[in-house]
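Accompanying notes for the structure given below.
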Amino acid sequence: MQVFLASCVVAGVPLLFATLGELITEKAGNTNLGVEGMMLMGAVMAYVTAAGTQNPYLTVLVAALAGALGALIYAVLTISLRANQVVTGLTLTIFGTGFAKFVGQPYLGKAVPAEVTQFFAKKSIPLLGDIPFIGPIFFRQDVFIYLSYVLCVLAAVYMYRTRMGLNLKAVGENTAAADASGINVMLYKYVHVLIGGAMAGLGGAYLSIVRIPLWQEDVVNGRGWIAVALVIFVAWNPIKAFFGAIVFGGLSIMGMRLQVMGVGISQYLFDMVPYLATIIIVIFSTHKKRKESQPPADLSNNYFREER
Amino acid sequence: MNIRIIKRSDMPKRQEIIIRIAAVLMSIVFAGLILVIFGLNPLKIFATIIKGSLGTEIRIQQTIIRAIPLTITALGIIVAFKMKFWNIGAEGQITMGAFGATWVALNLPETLPMPVMLLLMMIAAMLCGGIWAFIPAMFKAKMGTNETIFTLMMNYIAIKFVTYLQYGPWMDPNAGGFPKIAKFPANAVLPSVFGINIGWIIMLLFVVFVHIFMNYTKKGYEIAVVGESVETARYAGMNISRIIITAMLISGGMCGIVGMIQSSAIEKTLISNIAGGYGFTAIIPAWLSRLNAVSALIVCLAFAMLIQGGTYLQVSLGISSAVSSIVQGTILFFVLGSEFFLQYKVIFGKKSVKAETEVA
């Protein structure tokens, strides 16, 4: 059981990065449907950096930058040039997929250098790792996973305990009012869309560097889209995102587990479960009417100061 | 310096066309720059793409064969997008259409006359594709469920379902243990006219159909009104649920036909990636054509050139065919950006004298 839960965390972490990123983006009032593309850009650039430099720090940094670069294209088009957010996001996914395929082609099927995989080997955190039950699940993992915990807590503190977090909320809820109160709306939108992209890039990097440390074209395999749905499921709350991501991580590996245990149902039918679960979430989340689980009021509306 | 943005009231048609063409040209230059960064010679790449898509009669035929699924899918997407229903489930609707066609092809007698067989396959494909689109449409219409994620997840479910069939109940016992579905009998394969499967005739018929449907029928008009403003539609007394569901049945049905064409004429069986990404790629030409059926045909032919040329690039120069996806994405980025300049005027410089005198 513990072993299974620990692998749920491993499977959930890429989702956690991407979900947190999209959550922050949406808090600023933008829906970026390019998560899948940004994750792929992060995944391939992380791989190339790892293969070229064997430097784990640089690998993580470049992955974040690659995701942010994708987000920058989206930001310029939707924030400055007011393009349709849905179509721009979709295009970013198509672009990112092509980008990853092209850049990764020479590396297809090759492994990540040992220097990097060793850096991301499982390491127990002293004390925390010894807590019964919880320790082996959460605190005997790799540094990349610990990074996701830190980012998750930072996001929660930032959103709920700081001035800037409050301003961010204002931008997403009522952009015109935020603008009138003197908040630099454009800057807020740009910064948070870019942070969101960087986090999606990190999620992609986890997949290509740690989860299965070799390059495959379909590393991300729809996780970016699940992240977009998870944001709705966790009601734009970073702490809930942590648990939501682990639950979905669990769902995605359940098929293989049950197959190994000898359950007589096809693995391919079980593979549908995360996608079905996402649909059920989307259906039920539209039914919830609780105030705190609603999307930011100005989500997906491009802001035109001149049309105020 | 002061930059101001002013909404344009209207723009002469000629200026609009110039801006659009400039956007496409700039995107090609920019895509070329990206290729240079990757250490490739853009002129050589573009020349190879053109040679690979139009160089010989067979290559032209190949280009058109690729344009068929792209165009019909784009037409299906246009019907949905016109309503601002973001149907990104075309990939799954194509897959399920292929499933329906395959079921008919493998279960009805091989002695059936070909036209009857093909017609039944088409009906089954339209039904299956339509049902796959109907499910998210119904939830959208009745409960306001977010259709973007719903239609997208339906893609994965359809693909996993066909994978399951391929490895499970539909696995061909005569394939020597390979997870393959049986080949279609001869009466279930689309015939060719001028060396191209008759999908091209179906494609042209659909272009005419969508053009007339969207521009000259009441239903088409209602779809456009719902897309412009749901409130207006409601105020005018339109049955919005019914419009959403009808439009999506048409959209999914057309995508289903694509599945039938691809399984019958190209693969001659059912495979899990029968849709081959056309469901996503078609979004780009659909948007580039400004949701216009006739323009969609032209844009799709151009995109088919890019795709076919990309494959040739892989074969002749060993350069990944993904180059064409990068070029496609870049073109749409630029066109999306150019729409800003169609709607707004940017004025550089100091505040106008007139504004200052008004304040004074």
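Keep in mind that what you see is a predicted model, and the values were worked out from it rather than measured. Per chain, numbering begins at 1; letters A, B, ... match sequence-line order.
The OG1 atom of B:Thr145 sits 13.0 Å away from atom CD1 of A:Ile281, with the distance rounded to the nearest 0.5 Å. The CD atom of A:Gln85 sits 12.0 Å away from the CG atom of B:Leu336 when rounded to the nearest 0.5 Å. We find the NZ-CD1 distance between B:Lys140 and A:Ile283 to be 13.0 Å, quoted to the nearest 0.5 Å. Separation of atoms OH (B:Tyr164) and CG (A:Leu269) is listed at 5.0 Å; rounding is to 0.5 Å. With rounding to the nearest 0.5 angstrom, the OG1 atom of A:Thr278 is 4.5 Å from the CE atom of B:Met153. With rounding to the nearest 0.5 angstrom, the OG1 atom of A:Thr88 is 8.0 Å from the CZ atom of B:Phe333.
The local environment of CZ in B:Phe340 is crowded, with over 12 non-hydrogen atoms from other residues, nucleotides or ligands closer than 6.0 Å. The 12-atom threshold is not exceeded at CD of B:Glu228, counting heavy atoms of other residues, nucleotides or ligands nearer than 6.0 Å. The number of heavy atoms from other shown groups lying within 6.0 Å of CE (B:Met26) does not exceed 12.
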Next on the checklist: The test is side chain to side chain contact (heavy atoms under 4.5 Å, CB included); show your working for B:Ile157 and A:Ile279 and say whether it passes.
Outcome noted: CA-CA 10 Å; B:Ile157 294 172; A:Ile279 290 177; 3.7 Å; yes
Next on the checklist: For B:Tyr156 and A:Asp271: C-alpha separation, side-chain torsions, deciding distance, then whether side chain to side chain contact (heavy atoms under 4.5 Å, CB included) applies.
Outcome noted: CA-CA 9 Å; B:Tyr156 291 102; A:Asp271 284 348; over 6 Å; no
Next on the checklist: Evaluate B:Phe341 against A:Leu81 for side chain to side chain contact (heavy atoms under 4.5 Å, CB included), listing each step before the verdict.
Outcome noted: CA-CA 8 Å; B:Phe341 298 97; A:Leu81 297 179; 4.2 Å; yes
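Both the backbone and the side chain of B:Thr330 come within contact range of chain A, with heavy atoms under 4.5 Å apart. Only the side chain of B:Gln314 comes within contact range of chain A, with at least one heavy atom under 4.5 Å from a heavy atom of that chain. Only the side chain of A:Leu33 comes within contact range of chain B, with at least one heavy atom under 4.5 Å from a heavy atom of that chain.
A:Trp225 places a side-chain heavy atom less than 4.5 Å from the side chain of B:Ile88. Contact of the B:Leu40 side chain with the A:Phe102 side chain is registered, since non-hydrogen atoms from C-beta on lie closer than 4.5 Å. Contact check for B:Trp287 versus A:Asn84: side-chain heavy atoms found under the 4.5 Å cut-off. Considering only heavy atoms from C-beta on, A:Val86 stays 4.5 Å or farther from B:Lys84 through its side chain. Between B:Ile149 and A:Ile232, some side-chain heavy-atom pair lies under the 4.5 Å cut-off. Proximity of B:Thr148 to A:Val228: side-chain heavy atoms (C-beta onward) are nowhere separated by under 4.5 Å.
Applying a 4.5 Å heavy-atom cutoff, the residues of residues 71-80 of chain A that approach chain B are A:Ile73, A:Leu77, A:Ser80.
The two atoms that bring A:Gly98 and B:Ala322 nearest to each other are O-CB, 3.3 Å, heavy atoms only.
Put simply, the residue from B:Thr281, B:Ile284, B:Leu332 that forms a side chain to side chain contact (heavy atoms under 4.5 Å, CB included) with A:Ile94 is B:Ile284. Of the residues listed (A:Thr93, A:Leu90, A:Thr91), the one engaging B:Ile283 in a side chain to side chain contact (heavy atoms under 4.5 Å, CB included) is A:Leu90, and it is the only one.
Every residue two or more places apart in sequence or in another chain that forms a ring-ring contact (aromatic ring centres under 6.0 Å, His included) with A:Tyr268 is listed here: B:Tyr167.
The candidate from B:Asn146, B:Val323, B:Leu152 with the greatest count of non-hydrogen atom pairs under 4.5 Å with chain A is B:Leu152.
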